[in-house]
Every structure is written in structure tokens, then in C-alpha cells.
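Since we're looking at a predicted model, the values are computed, not measured.
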Amino acid sequence: MVLETAASARLRGAPVLAGFAGGAVVLDGNHLADPSQDGEVRAMTGALAQAGVGPADIGWVSAHGTGSPLGDRTEAAALRTVFGDGEGPWINATKTLTGHCLSAAGVVEAVAAVLQLRDGFVHPDPGLRAPVDPVLRLVREEPRRPKHGFVLSNGFGFGGFNTAVVLSHPDA
């Protein structure tokens, strides 16, 4: 994955596939796999603020979604805090298709998000049978079309390393 300015890409004759609109890192310094809802909320709201967009501008969230009950419940609660209980963005998780990928998970998720932005769809999570929060708009069996050209990609790690980035469609 190459991050460069749009001007640099144009000089090389390379297409701009997506934009980096904003991001945030929040360090909780907690114990191993002990996620913090507050830290996750601060990462997501910080990324939205830096990108200059609000929750209603997000077409979908690429959730960290590891499949662990504690981590998924914590992220679901954080998502409801940021996006409310109404019709929020679509939510999917790349890990349901790829596995965790450990320290490469964020890059794999970013590549998947760019491909989805480019092609205008949100991939399904066909193995999702019993979500921890049925109120969230989880993509299950069929791909969906996002309403907006922004994706929020979450990455929450051991020890309280919480990151969120907002990527944009090149036309957004």
C-alpha cells in the first residue's frame, strides 16, 4: 500500500484509489485483551473530527470485529455510542474472511476498504450467525451499497492501542 499525495500520483500517472481523510490513535495502556469502550469511542470520534465529517457521512464501518465476545461487545457498544441507535452505517469485518492477520490486520483491512470504495459495495460477512448486537446494521449474506463515500476502519489492539481511520472515495 502506497500513501502519497494526489499531486504525486498524478505526476506518476497513477490513479488515485482513495483518500486518507483523517485518523486518530488513542492509547489506553490497559491490560492485554481488555478493551476500553471509551478508548474506542475516542479513536472513532477523533478520526471523524480530523476528517471533518460526522457520523452521518460514513457509508460503512470496517469493524475490528475479531469474533471474541468481549472485544465484539465492547466495539458494538462503542459503535452505538458514536452512531446512535437509529439507522447508522453498514458494518462489516474483514477478519471474517481473512482471519486476524495479527499486526498486518490494519493494512489488510485498509486494502479491502479501498477496493470496496472503488467498486461501490460493502462486502458481506456470510458466517455471521449470532451477532452480539442485533441493532447494528451488520452486512450478512449479501453485499450492500454504501450511501456515502467514506469508510471508518477500526483497529483495536492488545494493551489499549486504539486506532481509527477515515478513508474517502476519490470523488468524495
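- Side-chain contact check for Pro126 versus Glu141: some heavy-atom pair is nearer than 4.5 Å.
- You'll find the side chain of Arg137 stays beyond 4.5 Å of the side chain of Ile91, heavy atoms only.
- For the pair Phe83/Val61, a side-chain contact is recorded, criterion being any heavy-atom separation below 4.5 Å from C-beta on.
- Under the 3.5 Å distance criterion, with hydrogens and angles disregarded, a donor-acceptor pair is assigned to the side chains of Thr81 and Gln37.
- In this structure the side chain of Glu40 never reaches within 4.5 angstrom of the side chain of Leu79, judged on heavy atoms.
- Under a 4.0 Å N-O distance rule, the pair Arg10/Glu4 does not qualify as a salt bridge.
- Of all the heavy atoms in Pro131 and Arg140, the pair that sits closest is CG-NH2, 3.0 Å.
- The closest side-chain heavy-atom distance from Asp72 to Asp133 is not below 4.5 Å.
- Among residues two or more places apart in sequence or in another chain, the side-chain hydrogen bond (donor to acceptor under 3.5 Å, both in side chains) test is passed with Arg42 by Asp28, Asp38.
- Of all heavy-atom pairs between Asn92 and Asp125, the closest is CA-OD2, 3.2 Å.
- When the side chains of ILVMFWY residues are joined at heavy-atom separations under 4.5 Å, either directly or via intervening members, Ile58 and Leu117 end up in two distinct hydrophobic clusters.
- No more than 12 heavy atoms of other residues, nucleotides or ligands lie within 6.0 Å of CZ in Phe161, so this atom counts as exposed by the packing criterion.
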